[in-house]
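What follows is a set of notes on a single structure, which appears directly below.
Heads up: numbering here begins at 1 and tracks the sequence. Atoms within each ligand, like the ligands themselves, are counted from 1 in listed order. If you're wondering where the values come from, they're calculated on a predicted model, not measured in any experiment.
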Amino acid sequence: MRIPIDREQATPLYEQIAAFLRQSILSGSLAPETRLPATRQLAQDLGVSRITVENAYAALESDGLVARRAGSGTHVLPQDLLLPRQSGGSMEWPLWQRDALDAVQFTQAATGEDGDTVHPNLISFTGFGDPRMFPIAEFLKALKDVIYRDGYACMEFGDMRGYPPLRATIAHVLASQGVQTHPDNILITSGSQQALALIAQALLKPGDTVLVESPTYDGALDLFRAHQLKLIGCPADAHGMQVEQLEPLLQQHHPKLIYTIPNFQNPSGACLSLARRRQLIALAGRYNIPLLEDDFVGELRYEGRVQPALKALDPGGRVMYVGTFSKLLMPGLRIGFVVAEGPIYERLVQLKRVNDLATSTLIQRGLEVYISVGRYHAHVRRSSQVYRKRRDALVAAIQRYLPAGVHLVVPQGGLFVWARLPDGMSAARLLTLARAAGVEYAPGARFFVQTADGESYMRLNFATQTVEDIGEGVRRLGQAFNQLSQQR
Ligand code: PMP
């Protein structure tokens, strides 16, 4: 144990040791039943006599903080009163800590306001996929199999670009979706969030402009804000980004990157039309702007015609395609990937190395054993069947319980229904009442560059709740609407 002691101080060494341990016990960082180091060992580690350590332990014992047990050493005793943990906002923090907080304003992580009364059985329409559908048992088996099969190799760093057989499987899955690529153009990342971050690092510097759909994924907005980038929103409608309005924005703002989620967008659920896809590729080419295509749930289609990925329309090197196993399998895997060609690919590999060296080899190997192209598609089919029913249940419940002025476009796939509230009602104010009534959703402001633009929108995730809970959740939401109307 490393205890800081100061031999120059007037305070005797045994008291310094006792004071440090006392603080650790009372703050809870040394938990009850923890065994303190043997006196001989601690004396040796700290370069003090054994008597000094024994005196320190005796002082703690007389304070009732530890007990000596014959044959098993000195143990921490449970304490009734623990010291409060040092909290933020204290004036004792060095100045730079306060500057760290001021640097960038992110959207709030929590969905509601602090101090909201929250119903004990909250039905949440936030989140992404349904954890009850995670293939836990099969994945456990895959992990065991791979440890037996590959032994120590599972615990090494492995190829910086990602485990080659997993890259090959991803290339096959993508080929089945009409994206032709080679495993050497795939870089495995820690979730697709890291792919977005690496691309931002590779291509952008503070003050550069990124063009995004308005609204768009809040985690991307926050990422770009963290890089001190300027954000320009291009309006979107039921068919995705209004690419017809793009050209003047490109001429005026000279963005260095266009970020788009063409399929079942987060948060709007919209799908970019084919004509707009072609036009977007053409504009990106004409204005020499890289396109970042985030295809986080492209496979979760419930009806309608499939659209080609932008990557599939790319005449060469214009589109960086980002995908993930988070939404269809399990977000905790933290496995995403980027497909890119040309010098940018090598740059991304270098940045991956300097950021975190590699994504867990064990998890990549386990995933490779678990996932085959056939299994992937079976999972997509199963999730689509379940989620389609839930989408229908949500839409039906909205029609039944919510006021007619609530406007939505039924999404053809994905995870979200995006709804506009009647008469400029505030989704944030409604949320406070909704949480008290036992239901929550993601209020719209966080998905906009200018948060005020999103005040009367809400995003409802239908994938995480059962059909019964969806009905009950929307019924509760209806109550909150009534209350809010009465307050106005
Ligand atoms: N893109 C979109 C549109 C998302 O909604 C998310 C997360 N929810 C991500 C990327 C990042 O997900 P992950 O890192 O788990 O792949």
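For Arg388, the CZ atom counts as densely surrounded, since its 6.0 Å shell holds more than 12 non-hydrogen atoms of other residues, nucleotides or ligands.
By heavy-atom distance, the residue among Leu415, Asp294, Thr189 lying nearest atom 1 (N) of ligand 1 is Asp294. Atom 13 (P) of ligand 1 has its nearest heavy-atom neighbour, among Pro267, Ser326, Gly414, Gly129, in Ser326. Comparing Thr324, Asn266, Thr216, Leu196 by heavy-atom distance to atom 16 (O) of ligand 1, the nearest is Thr324.
With ligand atoms numbered from 1 in the order given, ligand 1 contributes 3 (C) to contacts under 4.0 Å with heavy atoms of Ile261. Heavy-atom contacts of Gly191 reach the following atoms of ligand 1: 14 (O), 16 (O) (cutoff under 4.0 Å). Each of the atoms 13 (P), 14 (O), 15 (O) of ligand 1 lies under 4.0 Å from some heavy atom of Arg334.
With contacts defined as side-chain heavy-atom distances shorter than 4.5 Å, the pair Lys230/Pro255 does not qualify.
Ligand 1 has no atom lying under 4.0 Å from any heavy atom of Gln265.
Aromatic rings of Tyr217 and Phe296 (six-membered ring for Trp) have centroids beyond the 6.0 Å cut-off, not under it.
Distance from atom 8 (N) of ligand 1 to its nearest protein heavy atom, with residue and atom name: Phe128 CZ, 2.9 Å. Closest to atom 11 (C) of ligand 1, if we only count protein heavy atoms, is Ser192 OG, 3.3 Å.
With respect to Arg276, the side chain to side chain donor-acceptor pair (under 3.5 Å) criterion is satisfied by exactly one of Gln307, Glu244, His239: Glu244.
Taking a cutoff of 4.0 Å between a charged side-chain nitrogen and a carboxylate oxygen, Glu138 and Lys141 do not qualify as a salt bridge. One finds a salt bridge joining Glu341 and Lys311 here, because a Lys/Arg side-chain nitrogen approaches an Asp/Glu carboxylate oxygen to under 4.0 Å. The residues Glu299 and Lys327 are annotated as not salt-bridged, no charged nitrogen and carboxylate oxygen being separated by less than 4.0 angstrom.
When heavy-atom distances to ligand 1 are checked against a 4.0 Å cut-off, Lys327 comes that close only through its side chain, counted from C-beta outward.
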